[in-house]
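One-based numbering, in listed order, for ligands and for the atoms of each. As the structure is a computational prediction, the values presented were derived from the model and not from experiment.
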Amino acid sequence: MKIRPDDGLTFDDVLLVPRYSRIRSRSSVNTAAYLTPGIRLAIPIVSANMDTVTESHMAVTLAQEGGIGILHRFMTIEQQAACVEKVKRAESFVVEHPDSISPRVTVGEARLKMGEAGIGGLLVVDEDGRLCGMVTTRDVLLAPDESKPIREVMTGLDRLVTAPISETLEEARQTLYTHRVEKLPLVDAEGRVAGLITAQDIIKIQEHPSATKDERGHLRVGVAIGARADDLDRAEACLNAGADVLVVDIAHGHSQHVIDMVKALKSRFPNAPVIAGNVATGEATLDLINAGADAIKVGVGPGSICITRVVTGFGVPQLTAVSEAAEVARTLGRPVIADGGIRTSGDLTKAIAAGASTVMIGSMLAGTDESPGAPIVRNGRRFKVVRGMASLTANIERKTIEKDARLQDDDISQVVPEGVEAIVPYRGSVKDILHQLVGGLRSGLSYAGAETIEQLWDNAEFVRITPAGVRESGAHDVDIS
Ligand code: XMP
């Protein structure tokens, strides 16, 4: 029998030793970190690719707050690509395909279209795509004659403020302000519509100064994929929809089919960043990086809804796994994502101090408004459901979708779940949770005398603690009401 000489450690086994610090305020530290070598996040938080955690609403909010969401893969390729598009459209300084109408439509038709689309204005565009004018609700809502042609009530091109395609955010802000207008159509040299900038979109952007954005100003989003042949199609559809990063997400990532998948992705989509996992050793980290992975996801069995360790007997306590993976990955310039088991901001700080660049969080985010599904009420209290992606119900649902038919009892009894279904208290907006997590991390950086996450890696010193140390670390010997 081979047995490692050192104990495997996890978050509760250790504390970080306070270090000399010059930091006077936690607001002066920088929490930015690399998700992959080409994607930097203002906050090192990634929402888990679980069907009770990340669809487009969660991904939008995470990216607005400076993190990123990874869309789960337990939906059809088309649905996942549509989720990507939704995130990409959520916050953009240029609406690339603004809603428009022909100059031939009537006031009544324009009013109907605005109502259906829930928008306050439409560009009026001829059959060659040239801008003729603009109508807003003010032009149509109280118009006495519904059958009037729209060209008679619209603001014509001669009175419309427009801008060239090259208009920057700052220029657009100035133009909108100077002319006191709310919408700025962009036109090319031939007068064809090339986009629309609205004051509302600029205001939205100002509200999220740390948002995670791509080069074109759209929010970034990642997608989980599997390691089967049709996952290459999934990757392609999601990349075409604008996905920024692919996450090959397999429970045992140190497998030949994952290595082959990473190689296939890198050869077919050389510019797409690929994260691969999940692994729990330095050796696995090296193999996936050699296959071409840009970042490594670490965690076998630490998650709140995971029973992999119970069912299979395999896993490595998360702090040890992260530290071993990070030691290998750091020398090769690849970031590590610590995935699973984060319950507090202290766990987050420990995971990063152990060498992770970012953390992936599941059940802590599952109780929020932004996670899929509505809250349920039990005994007057609100909860939301969270389930492992290898849980019985998730397995049954997945197989049903694959077979496109109801499962037989035999199919169900074949399932060996490695995850559980559970409920978590409803917790309001994810922003409040992020605020607490990032606030704790900021304090943690100041206790370490570190202004950045990179400095935290260098300054971190852990001390192992005993059960007495664990007891002492929480509130104790008081009644907590
Ligand atoms: P937390 O603790 O943040 O963990 O809820 C989220 C991570 O748990 C993993 N995950 C699973 N692991 N069986 C497992 O062993 C499962 O059914 C399962 N579902 C999710 C996953 O890595 C996720 O990010």
Side-chain angles (χ1 to χ4, degrees), residues 10-12 35 44-55 58-59 62 67-74 222-226 247-255 258 275-280 284 295-319 321-322 325 336-348 350-352 356 358-368 371-372 384-399 415-425 427 430 433-434 436-437:
T10 194
F11 303 119
D12 280 350
L35 175 74
I45 296 180
V46 183
S47 69
N49 44 284
M50 294 163 62
D51 66 357
T52 47
V53 179
T54 311
E55 290 182 356
M58 180 67 78
L62 251 289
I68 195 166
I70 310 296
L71 299 168
H72 72 87
R73 63 188 168 94
F74 300 107
V223 291
I225 59 170
V247 181
V248 183
D249 180 61
I250 300 294
H252 182 24
H254 196 193
S255 306
V258 175
I275 297 171
N278 276 18
V279 299
I296 304 297
K297 197 148 77 76
V298 176
V300 175
S304 57
I305 35 55
C306 304
I307 51 169
T308 294
R309 294 178 185 173
V310 179
V311 173
T312 70
F314 279 79
V316 175
Q318 184 68 341
L319 203 80
V322 167
V336 156
I337 300 150
D339 176 16
I342 302 293
R343 303 153 303 170
T344 61
S345 52
D347 291 348
L348 160 65
K350 289 174 189 174
I352 290 184
T358 60
V359 298
M360 179 173 265
I361 300 182
S363 69
M364 253 192 111
L365 307 181
T368 61
S371 70
K384 287 193 88 167
V385 172
V386 61
R387 66 177 181 183
M389 295 321 307
S391 62
L392 182 66
T393 56
N395 264 297
I396 292 174
E397 221 172 283
R398 192 154 59 243
K399 283 178 196 271
V415 175
V416 181
E418 287 186 30
V420 297
E421 299 90 25
I423 52 170
V424 286
R427 303 180 71 175
V430 74
I433 294 176
L434 295 179
Q436 292 301 321
L437 283 172

**Q.** Salt-bridge criterion met for Asp51 and Arg73 (N-O under 4.0 Å)
**A.**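 Not counted as a salt bridge, because no side-chain N and carboxylate O are separated by less than 4.0 Å.
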Which atom pairs, donor and acceptor, lie under 3.5 Å between side-chain atoms of residues 300-311 and protein residues at least two apart or in another chain?
from: Ser304; atom 1: OG; to: Ser363; atom 2: OG; distance (Å): 2.8
from: Thr308; atom 1: OG1; to: Glu418; atom 2: OE1; distance (Å): 3.0
from: Arg309; atom 1: NE; to: Val300; atom 2: O; distance (Å): 3.0
from: Arg309; atom 1: NE; to: Gly301; atom 2: O; distance (Å): 3.4
from: Arg309; atom 1: NH2; to: Val300; atom 2: O; distance (Å): 3.1
from: Arg309; atom 1: NH2; to: Val316; atom 2: O; distance (Å): 2.9

**Q.** Sorted by chain and number, the residues that approach ligand 1 to under 4.0 Å with a heavy atom
**A.**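 Shell around ligand 1 (4.0 Å, heavy atoms): Ala48, Met50, Asn278, Gly303, Ser304, Ile305, Cys306, Thr308, Asp339, Gly340, Gly341, Met360, Ile361, Gly362, Ser363, Gly388, Met389, Ala390, Ser391, Glu418, Gly419.
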Q. Among all residues two or more places apart in sequence or in another chain, which pass the side-chain contact (heavy atoms from CB on, under 4.5 Å) test with Lys350?
A.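 Once residues adjacent in sequence are excluded, the partners of Lys350 under the side-chain contact (heavy atoms from CB on, under 4.5 Å) criterion are Phe11, Val14, Leu15, Leu16, Leu319, Phe462.
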**Q.** Residue list, side-chain contact (heavy atoms from CB on, under 4.5 Å) with Asn278, at least two apart or on another chain
**A.**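 Asp249, Lys297, Asp339.
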(Q) For Thr393, is there any backbone N or O sitting under 3.5 Å from a side-chain donor or acceptor partner on Glu421? (A)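 Yes.
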(Q) Tell me the closest heavy-atom pair linking Met364 and Ile433, and the distance in Å. (A)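 Scanning both residues completely, I find the closest heavy atoms to be O-CD1, 3.2 Å.
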